[in-house]
Protein chains: 2
Amino acid sequence: MKTSERLVDAAAALLDAGGEPAVTLRAVGKAAGVSQNAAYRHFEDRSALLAAVAIQNARALTRVFAEARQIDALPLERLRRALEVFVEFGQTYPARHHLLFSDPGIAAQDGELREAATASFAAFTALVEDCQRSGNLPSGPPTPIAGLIMATTHGLLDFQNGGRLRVEKGFTSVMASVDLLLGALSGR
Amino acid sequence: MKTSERLVDAAAALLDAGGEPAVTLRAVGKAAGVSQNAAYRHFEDRSALLAAVAIQNARALTRVFAEARQIDALPLERLRRALEVFVEFGQTYPARHHLLFSDPGIAAQDGELREAATASFAAFTALVEDCQRSGNLPSGPPTPIAGLIMATTHGLLDFQNGGRLRVEKGFTSVMASVDLLLGALSGR
DNA sequence: ACCTGAACACCGTTCAAGT
DNA sequence: ACCTGAACACCGTTCAAGT
């Protein structure tokens with residue numbers, strides 16, 4: 001296994017275990033069996049290493065969305081299943097979700113990460129377009145609707161993972177809220 | 001002006017100027033005219049100082065929501081105006097928005113911040129309840145609907161501030177997306 | 001009660017040097 | 001081309017000491 005791959009894997013593991021602050025280059029180097037600054041031979045800086053982790057996960061999401069489109073079910077149900085996996089991902093790996101969708105330091109990155117994110121959103125938009133064609137979502141440009149659904153699901157996950165939305169006091173679950181949105185958009 | 005207030009103001013100013021990483025205790029102390037560790041006589045640690053900034057802004061939002069309720073307009077329009085101010089706030093002070101709604105380190109805080117956040121959400125929920133009474137939002141428990149609208153608006157702002165949603169490629173504006181949601185929830 | 005300077009244990013990053 | 005140890009300039013935090 002190449003050193004650069006071991007570095008990305010180590011960074012992802014540290015991210016899951018202790019959040020973004022735990023991903024120090026010293027800890028990454030130690031976990032990958034190299035020195036504290038070996039990462040600089042493979043990545044421009046710490047931010048680029050984190051971006052590499054984000055790229056990996058963005059591509060995994062693209063696959064999730066593409067596979068959901070092949071499910072034998074109605075378009076709206078396929079979209080719902082895709083969102084279910086997305087929510088599950090965000091709940092299982094909150095730090096990865098935050099890195100991908102909410103980290104200010106990583107957002108500035110250009111190039112490969114932006115491409116991977118765009119591809120991911122395009123795969124999601126295809127699910128929305130299928131729903132529009134079957135009359136289960138309002139017609140018109142698909143991007144605003146896809147963006148709304150993604151932003152909503154992200155916002156709900158971000159709130160829940162940050163402890164800002166709790167089951168007490170009327171909030172039930174992320175998917176229940178997503179269903180509320182899909183129900184409203186599809187006209188009940 | 002009390003030292004603790006000057007520290008909070010300095011932290012807020014540094015936050016606006018350079019984001020959360022710029023809020024170092026050394027810089028805060030310098031801006032407030034005290035030493036690098038004077039903050040420890042007023043706050044438990046750096047995280048508590050940032051929480052104090054968050055509390056200040058949460059209370060400001062509570063006022064915004066309470067005032068919107070007094071506007072001479074239909075309930076749905078009052079809700080819309082409140083969201084407009086909220087979006088404007090998030091666009092003008094992206095780092096404050098991120099601190100309040102998306103920062104993992106600050107989310108763990110208990111006590112005063114949680115209270116301020118709860119009060120803020122309650123004031124927003126009152127706007128939603130008014131819309132339910134006038135028949136402009138679906139009836140039933142108000143919390144899930146208020147939570148959905150807040151999470152959606154936050155998610156849109158978070159995406160836009162992080163450069164993850166750009167005007168190119170079909171996305172128009174945060175308020176246009178919020179209107180799409182309100183339109184769907186109110187039954188067009 | 002409030003503040004300070006010095007110190008400690010961390011960081012990211014750079015650099016000269018090695019293979 | 002890839003890696004290392006040492007060093008630099010930062011951090012948050014603690015502590016002994018001052019008023």
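Per chain, numbering begins at 1; letters A, B, ... match sequence-line order. Remember, it's a predicted structure, so these values are computed and weren't measured experimentally.
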Residues B/Ser47 and B/Asp45: side-chain donor-acceptor under 3.5 angstrom: no
Short side-chain donor-acceptor distance under 3.5 Å, B/Asp158 and A/Ser102: yes
Before accepting this row, confirm whether a basic side-chain N of the pair [X]/[Y] lies closer than 4.0 Å to the acidic partner's carboxylate O.
X       : Y        : answer
B/Glu77 : B/Arg81  : yes
A/Arg59 : A/Glu112 : yes
B/Asp9  : B/Arg6   : no
A/Arg80 : A/Asp179 : yes
A/Arg46 : A/Glu20  : yes

Candidate nucleotides D/dT4, C/dC2, C/dT4, ranked by approach to the side chain of A/Ala38 - the nearest: D/dT4
A/Thr3 side chain near D/dC2 phosphate (N/O to OP1/OP2, under 4.0 Å): no
C/dC3 OP1/OP2 closer than 4.0 Å to side-chain N/O of B/His42: yes
pair B/Leu137-B/Ile145: side-chain heavy atoms closer than 4.5 Å: yes
Bracket notation of DNA chain C in which parentheses pair within the strand, [ ] cross earlier pairs, and | pairs with another strand (Watson-Crick or G-U, under 3.5 Å): ||.|||||...|||||.||
Protein-to-nucleotide contact annotation, 5' to 3' order, nucleotides 8-15 of chain C [B base; S sugar-phosphate only; - none; under 4.0 Å, heavy atom]: ---BBBBB
